[in-house]
Protein chains: 2
Amino acid sequence: MARPRTFDEDSALDAAMRTFWEKGYEATSTQDLCDATGLGRSSIYNTFKSKHDLFERALARYVDSMTTAQLAVLEDARRSPVDRLRALFAMVVDGETGAERRPGGRGPGCLTVNTTVELVARDPRAAEMLDRDTRRRLTVLRAVIGEGQRDGSITSRREAGALARFVNAAIAGMRVSSQGGADRAALESLADIAMDALTA
Amino acid sequence: MARPRTFDEDSALDAAMRTFWEKGYEATSTQDLCDATGLGRSSIYNTFKSKHDLFERALARYVDSMTTAQLAVLEDARRSPVDRLRALFAMVVDGETGAERRPGGRGPGCLTVNTTVELVARDPRAAEMLDRDTRRRLTVLRAVIGEGQRDGSITSRREAGALARFVNAAIAGMRVSSQGGADRAALESLADIAMDALTA
DNA sequence: TTGATTATGGATAGGTCGGTACAAAACTTG
DNA sequence: CAAGTTTTGTACCGACCTATCCATAATCAA
């Protein structure tokens with residue numbers, strides 16, 4: 001019916017996502033996005049309504065793929081609850097130290113934490129997206145932890161919900177530490193100690 | 001000898017600090033800084049070399065006062081090591097939930113974490129300042145934890161240095177959680193569980 | 001081939017950015 | 001009071017910001 005696109009929208013979203021992740025929302029200019037995606041301004045503004053719309057879609061793509069990958073680990077019925085939590089932490093450590101940088105395994109820092117810190121106070125849409133994502137993760141974390149509490153491998157001194165929030169916060173702490181310069185061994189140590197709190 | 005200033009430099013730094021803390025470095029314009037400080041552009045550029053210089057000085061003021069207040073708690077010889085760590089966490093919780101927002105007890109989020117996430121990858125000077133501050137805190141944390149290990153109140157399963165980094169990361173995790181919407185009870189719960197890891 | 005429709009590139013608009021120039025104002029010292 | 005020095009307010013600079021406009025290119029249905 002008309003002239004077709006010469007680019008893949010998802011690839012463009014990935015490129016934009018990487019840029020927002022590296023520089024942050026404010027520090028990323030539309031020119032940066034053109035450079036990163038290889039698209040002209042017209043194509044970007046024709047495909048996405050605005051810089052902010054592009055950011056929202058990139059963020060949505062990021063949190064969904066990231067959380068989906070994490071939940072797959074947490075829902076792996078072949079492993080014990082404690083094993084699954086260890087695997088989750090290992091995934092975060094790999095993501096923070098890994099050379100390859102694909103959705104679900106990003107380089108230092110993560111777009112979720114970055115956006116929480118940079119934008120959540122001023123951007124209700126981003127805040128809502130991140131809030132939904134957090135609730136999604138907490139639900140599954142709580143279930144895994146509850147399972148571990150029932151089989152005795154995870155402490156029952158604390159509520160499952162509280163422990164789930166702790167795991168979430170521990171991961172955020174690891175990500176901030178990573179940006180602050182912590183190496184792989186340091187991150188693994190943080191994960192080990194966080195696990196101590198769960199199994200104590 | 002000449003016309004004197006009609007403003008207090010430290011008050012201006014405080015106002016600037018608050019603005020950078022609320023909006024982030026990139027999102028803060030020089031006009032915002034004029035509005036916040038009540039100063040004209042000339043006065044700002046006459047007193048500080050540039051926006052970045054003003055930011056550096058505001059950040060230096062923030063981290064120093066914040067860390068000094070925290071170290072005072074950690075070095076209070078009248079309390080036991082565990083008590084001092086609990087007091088540190090309580091201080092962080094108060095800072096994140098407190099109504100009054102003065103250096104050493106900021107509102108949600110903290111400039112240290114915010115700057116780590118937003119700037120450290122691109123701003124070597126800020127990175128260096130934060131790194132020094134982290135080392136300063138870790139040194140004292142390690143000493144307190146080592147003391148607790150010797151008297152048996154803190155676990156010896158992990159190295160004091162590793163536990164110190166954990167406490168630091170736990171605080172960062174609490175601050176990110178706070179920006180993500182965690183209330184006081186949730187933050188206190190995070191602190192309690194972090195303490196479990198130390199006393200296990 | 002033609003007409004309709006969409007994508008693309010380049011130019012540009014209107015505004016804001018960080019930073020500066022300059023003259024008037026306000027103070028200290030002699 | 002006068003000379004000297006610094007602060008302050010205003011106007012302004014070029015660069016860059018997000019976003020749009022428009023002419024041209026490319027494609028599909030008929």
Side-chain angles (χ1 to χ4, degrees), chain A residues 1-60 111 114-115 118-119 122-126, chain B residues 1-60 111 114-115 118-119 122-126:
Chain A
M1 179 110 154
R3 180 174 175 178
R5 298 221 158 113
T6 60
F7 66 92
D8 176 47
E9 195 167 309
D10 284 341
S11 307
L13 274 177
D14 277 344
M17 183 185 80
R18 242 183 293 268
T19 309
F20 283 126
W21 158 67
E22 282 168 14
K23 312 184 63 162
Y25 177 76
E26 298 287 353
T28 296
S29 69
T30 54
Q31 187 57 49
D32 291 332
L33 294 167
C34 292
D35 296 346
T37 59
L39 304 181
R41 309 179 88 65
S42 299
S43 298
I44 287 187
Y45 277 93
N46 187 38
T47 309
F48 311 99
K49 284 187 305 219
S50 63
K51 174 186 171 184
H52 192 268
D53 179 63
L54 172 52
F55 174 75
E56 279 182 33
R57 293 184 51 183
L59 178 61
L111 192 54
N114 294 3
T115 303
E118 186 187 357
L119 284 184
R122 287 174 296 132
D123 184 338
R125 320 247 333 222
Chain B
M1 179 111 155
R3 179 174 176 177
R5 296 221 161 115
T6 58
F7 66 93
D8 175 47
E9 193 166 312
D10 285 341
S11 307
L13 273 178
D14 277 343
M17 184 184 79
R18 241 182 295 268
T19 308
F20 284 128
W21 157 68
E22 282 168 12
K23 311 184 62 162
Y25 177 76
E26 298 286 353
T28 297
S29 69
T30 53
Q31 187 57 50
D32 291 333
L33 294 168
C34 292
D35 296 345
T37 58
L39 304 182
R41 310 178 83 65
S42 297
S43 298
I44 286 188
Y45 278 92
N46 186 40
T47 310
F48 311 99
K49 285 189 303 223
S50 63
K51 173 186 172 184
H52 192 269
D53 179 62
L54 173 51
F55 174 75
E56 279 182 33
R57 293 185 50 183
L59 178 61
L111 193 55
N114 295 3
T115 303
E118 185 187 358
L119 284 184
R122 288 174 295 133
D123 184 337
R125 319 250 327 227

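Only heavy atoms go into these numbers, but all of them, side chains included; no hydrogens, no water, no symmetry mates. In what follows, chains carry the letters A, B, and so on, assigned in the order in which the sequence lines appear, proteins first and then strands, with residues in each chain numbered from 1. These figures come from a predicted structure and were not determined experimentally.
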Chemist: Does this structure show an ion pair linking B/Lys49 with B/Glu56, if we count only N-O contacts that are shorter than 4.0 Å?
Modeler: no
Chemist: Output yes when at least one side-chain N/O atom of A/Thr30 is less than 4.0 Å from OP1 or OP2 of D/dC17, else no.
Modeler: no
Chemist: For A/Thr6 and D/dA26, is the shortest distance between a side-chain N/O and OP1 or OP2 below 4.0 Å?
Modeler: no
Chemist: Whole angstrom is fine here: how far is it from CG in B/Asp53 over to P in C/dG18?
Modeler: 15 Å
Chemist: Roughly how far, to the nearest 0.5 Å, is the CG atom of A/Leu54 from the CE atom of A/Met17?
Modeler: 11.5 Å
Chemist: When you measure from every atom of DNA chain D, which of residues 34-51 of chain A have a heavy atom less than 4.0 Å away?
Modeler: A/Arg41, A/Ser42, A/Tyr45, A/Ser50, A/Lys51
Chemist: Starting at the 5' end of DNA chain C, which residue's closest nucleotide do you reach first, B/Gln31 or A/Phe7?
Modeler: A/Phe7
Chemist: Using side-chain heavy atoms (C-beta onward) and a distance below 4.5 Å, is A/Leu33 in contact with A/Phe20?
Modeler: yes
Chemist: Between A/Asp32 and A/Ser29, does the side-chain hydrogen bond (donor to acceptor under 3.5 Å, both in side chains) criterion hold? Intermediate values first, please.
Modeler: CA-CA 5 Å; A/Asp32 291 332; A/Ser29 69; 3.2 Å; yes
Chemist: Hey, which sits more toward the 5' end of DNA chain D by its nearest nucleotide, A/Tyr25 or B/Arg5?
Modeler: B/Arg5
Chemist: With A/Lys51 as the cation and A/Tyr25 as the aromatic partner, state whether NZ or CZ is under 6.0 Å from the six-membered ring centre and within 45° of the axis.
Modeler: yes
Chemist: Could you state the CD-C1' distance from A/Glu26 to D/dT18, rounded to the nearest angstrom?
Modeler: 12 Å
Chemist: Can you name the nearest heavy-atom pair linking B/Ala58 to B/Leu13, along with the distance?
Modeler: N-CD2, 3.8 Å
Chemist: When you measure only distances, ignoring hydrogens and angles, does the side chain of A/Arg3 come within 3.5 Å of the base of C/dA7 through a donor and an acceptor?
Modeler: yes
